[in-house]
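Read the structure below first, then the notes.
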Amino acid sequence: MGSPHWKRLCLLLLAALTSSLLLYGHYYATVELPGSQRLVTSLLHPETLVLAPWGTSHRAGSHRWTLGGGSERGKSFKPSAELEEPTPSRKQPSSCLRPVMVRAKANPRFGQIFSFDTPVFMWDQHFTPETWDKLKTRHVPYGWQGLSHRVVGSTLQLLNTSANRHLFDRASLPRGCVRCAVVGNGGILNGSRQGKAIDGHDLVFRLNGAVIKGFEEDVGTKISFYGFTVNTMKNSLIAYEEYGFTQIPQAKDLRYIFIPSDIRDYVMLKAAIQGIPVPEGSDKGDKPQKYFGPEASAEKFKLLHPDFLHYLRASRFLRSELLSTQYGTLYMPSTGALMLLTALHTCDQVSAYGFITSNYEEFSDHYYELEKKPLVFYANHDMMLEAALWRSLHRAGIMTLYQR
């Protein structure tokens with residue numbers, strides 16, 4: 001009578017012992033194993049990958065790497081045996097679950113166009129024999145054809161701070177989701193009362209004849225970046241002087257984005273960093289301090305990379321039919337287009353104000369003109385192509401285009 005009860009008791013004890021051994025073994029495998037073995041185990045249950053925006057460097061062995069898995073040498077990123085935990089500042093906040101990068105990659109069309117591992121800015125370590133050999137075959141601004149090796153090299157050597165490598169320091173901003181406004185000079189802004197909305201962004205780009213005084217309610221007052229070529233900067237000071245544009249914006253925290261459209265941009269940039277008059281070329285004797293202020297150190301300046309400009313024009317966004325015409329060598333995207341596309345490759349959220357829209361004929365060329373003037377189309381720009389691109393990006397939810 002007692003034998004069946006004794007057998008059941010033995011089976012229960014055996015089952016309990018087996019369960020204990022299994023639980024202890026699982027604990028030992030996941031907690032007590034050496035680091036390298038725990039890594040193998042953890043790969044079976046990977047954590048959500050948090051990607052840093054382009055320009056945020058991360059050390060892994062001897063490699064510096066950027067978003068997209070590519071190292072700065074253009075090779076595939078291979079993690080070292082010891083992986084660092086991502087810092088909290090690199091994690092996308094809850095308010096930024098769908099930044100430009102995510103929306104672009106998810107879009108069937110733009111997912112094939114955007115390349116977030118293309119370098120946006122150029123700095124000293126980019127000036128190598130290999131880069132020179134490649135870029136000397138392309139004309140400016142997409143390369144260095146016909147430019148002086150001495151001038152280009154000596155200018156880039158001065159761009160040797162971390163501030164020259166990326167648009168902004170994410171850790172210095174009050175929140176993780178970086179919202180940028182790019183303010184063009186289109187007449188659509190006259191009477192728009194968008195000043196408060198523009199200034200509500202974390203960073204604000206302005207360009208060329210950026211008149212502010214008297215139009216604060218429409219265009220705001222905040223300015224983080226001023227983008228230009230030396231040619232457009234000087235032409236703006238002449239053309240828009242009657243509207244109050246008599247000085248390039250200057251402020252302690254303001255940064256200048258050079259578009260290298262000619263050798264004079266490299267020469268002016270070098271002189272500005274060194275704090276001396278321009279030593280040669282068409283701007284010889286000119287004093288950069290009157291444009292950028294008396295204390296314009298290297299940290300104040302950023303230089304768009306010729307490869308980035310080539311990628312925008314020839315390969316991806318703005319390949320115009322003008323390239324196959326007599327104006328092909330003159331064509332380049334407008335300053336506004338280059339600033340907006342720079343923001344789209346660096347910021348988390350982007351809003352465009354004062355850019356050409358489908359009803360552009362209802363507005364003046366510029367918002368500060370007292371009398372309505374029609375929009376002027378120059379042979380070296382394809383404004384209709386740019387307008388179509390802005391509408392497409394807006395419809396795709398990748399950026400917000402102000403329209404009225």
Side-chain angles (χ1 to χ4, degrees), residues 55 57 64 72-73 118-168 207-208 225-235 237 248-250 254-313 332-333 335 338-339 342 346:
S57 62
R64 285 192 302 271
E72 292 179 346
R73 297 190 180 96
T118 300
V120 177
F121 301 107
M122 173 161 275
W123 45 289
D124 65 334
Q125 292 189 27
H126 285 144
F127 192 68
T128 64
E130 293 78 16
T131 302
W132 173 260
D133 289 340
K134 178 182 70 172
L135 294 183
K136 73 179 182 181
T137 63
R138 300 189 209 141
H139 64 81
V140 288
Y142 316 105
W144 295 328
Q145 190 177 80
L147 301 189
S148 164
H149 182 281
R150 172 187 59 82
V151 170
V152 173
S154 61
T155 300
L156 292 180
Q157 284 178 349
L158 300 175
L159 299 175
N160 53 20
T161 72
S162 60
N164 304 131
R165 307 177 189 183
H166 49 77
L167 183 65
F168 54 84
L207 52 112
N208 295 343
F225 305 103
Y226 177 76
F228 62 98
T229 70
V230 171
N231 185 58
T232 62
M233 177 186 73
K234 291 195 169 186
N235 285 345
L237 287 170
I248 299 303
Q250 295 181 11
L254 173 61
R255 299 294 181 261
Y256 299 101
I257 301 178
F258 269 79
I259 302 169
S261 68
D262 197 355
I263 188 63
R264 67 192 301 205
D265 295 288
Y266 292 93
V267 175
M268 176 68 77
L269 175 55
K270 178 182 177 181
I273 296 173
Q274 292 179 328
I276 62 173
V278 177
E280 59 185 300
S282 59
D283 300 300
K284 184 176 181 179
D286 202 358
K287 297 181 178 179
Q289 293 86 349
K290 71 181 181 182
Y291 305 117
F292 313 116
E295 298 180 359
S297 61
E299 290 81 359
K300 297 278 284 184
F301 300 102
K302 302 175 191 300
L303 178 69
L304 290 184
H305 199 302
D307 274 346
F308 180 64
L309 301 176
H310 178 72
Y311 146 76
L312 296 181
R313 187 209 71 161
M332 69 176 288
T335 305
L338 294 177
M339 290 300 100
T342 295
T346 51

Under the 3.5 angstrom rule, does the side chain of K302 hit a backbone N or O of A163 as a donor-acceptor pair? yes
Is it true that atom NZ of K234 has more than 12 heavy atoms of other residues, nucleotides or ligands lying nearer than 6.0 Å? yes
Within the side chain of Y142, is there an N or O that forms a donor-acceptor pair under 3.5 Å with the backbone of L135? no
Which pair of heavy atoms, one from P288 and one from I276, lies closest together, and at what distance? CD-O, 3.3 Å
Validation row: V140, P260 side chains within 4.5 angstrom (heavy atoms): no
For K284, look at atom NZ and say whether over 12 heavy atoms of other residues, nucleotides or ligands are found less than 6.0 Å away. no
Could you walk me through whether F308 and L312 pass side-chain contact (heavy atoms from CB on, under 4.5 Å), step by step? CA-CA 6 Å; F308 180 64; L312 296 181; 3.5 Å; yes
Test side-chain contact (heavy atoms from CB on, under 4.5 Å) applied to K136 and H149, step by step: CA-CA 9 Å; K136 73 179 182 181; H149 182 281; over 6 Å; no
Atom CZ of F225 and atom CG of L254: how far apart are they, to the nearest 0.5 Å? 9.0 Å
Closest non-hydrogen atom pair between E280 and V267, with its separation: O-CG1, 3.7 Å
Could you check if a side-chain atom of T342 sits within less than 4.5 angstrom of a side-chain atom of F121, using non-hydrogen atoms only? yes
So, for K290 and Q250, which heavy atoms are closest and what is the spacing to 0.1 Å? O-NE2, 3.4 Å
Ignoring hydrogens and angles, tell me if any N or O in the side chain of T131 forms a donor-acceptor pair with the backbone of H126 under 3.5 Å. yes
Considering only heavy atoms from C-beta outward, does the side chain of T335 approach that of I259 to under 4.5 Å? yes
With heavy-atom distances below 4.5 Å as the criterion, would you say the side chains of F228 and F258 are in contact? yes
Can you find a side-chain donor-acceptor pair between T161 and N164 that sits under 3.5 Å? yes
Non-hydrogen atoms of P333 and L338 that approach each other most closely: CB-CD2, 3.8 Å
Just how far is it from atom CG of L156 to atom CD of Q125, taken to the nearest 0.5 Å? 11.5 Å
Scanning both residues in full, the closest heavy-atom pair of T155 with V151 reads OG1-O, 2.8 Å
In this structure, CD of E299 is separated from CD1 of I273 (nearest 0.5 Å) by 9.0 Å
From the list N235, T232, T229, side-chain hydrogen bond (donor to acceptor under 3.5 Å, both in side chains) with N208 holds only for T232
Minimum heavy-atom separation for R138 and P306, please, with both atom names. NH1-O, 4.2 Å
Look at the rings of F301 and F292 and say which category their plane angle falls in: under 30° parallel, 30 to 60° tilted, over 60° perpendicular. perpendicular
What distance separates M233 CE from Y226 OH, expressed to the nearest 0.5 Å? 7.0 Å
Should L269 and L159 count as side-chain neighbours, where that means a heavy-atom distance under 4.5 Å? yes
Check: T346 and H166 side chains under 4.5 Å, non-hydrogen atoms: no
Close side-chain approach of H305 to T118, heavy-atom, < 4.5 Å: no
dist I257:CD1 -> M339:CE (nearest 0.5 Å) comes out at 4.5 Å
Approximate separation, where rounding is to 0.5 Å, of L158 CG and N160 CG: 7.0 Å
Quick one: does D133's side chain have a donor or acceptor within less than 3.5 Å of a partner on E130's backbone? no
If you define the side chain from C-beta out and look only at heavy atoms, does anything of D286 sit under 4.5 Å from R264? no
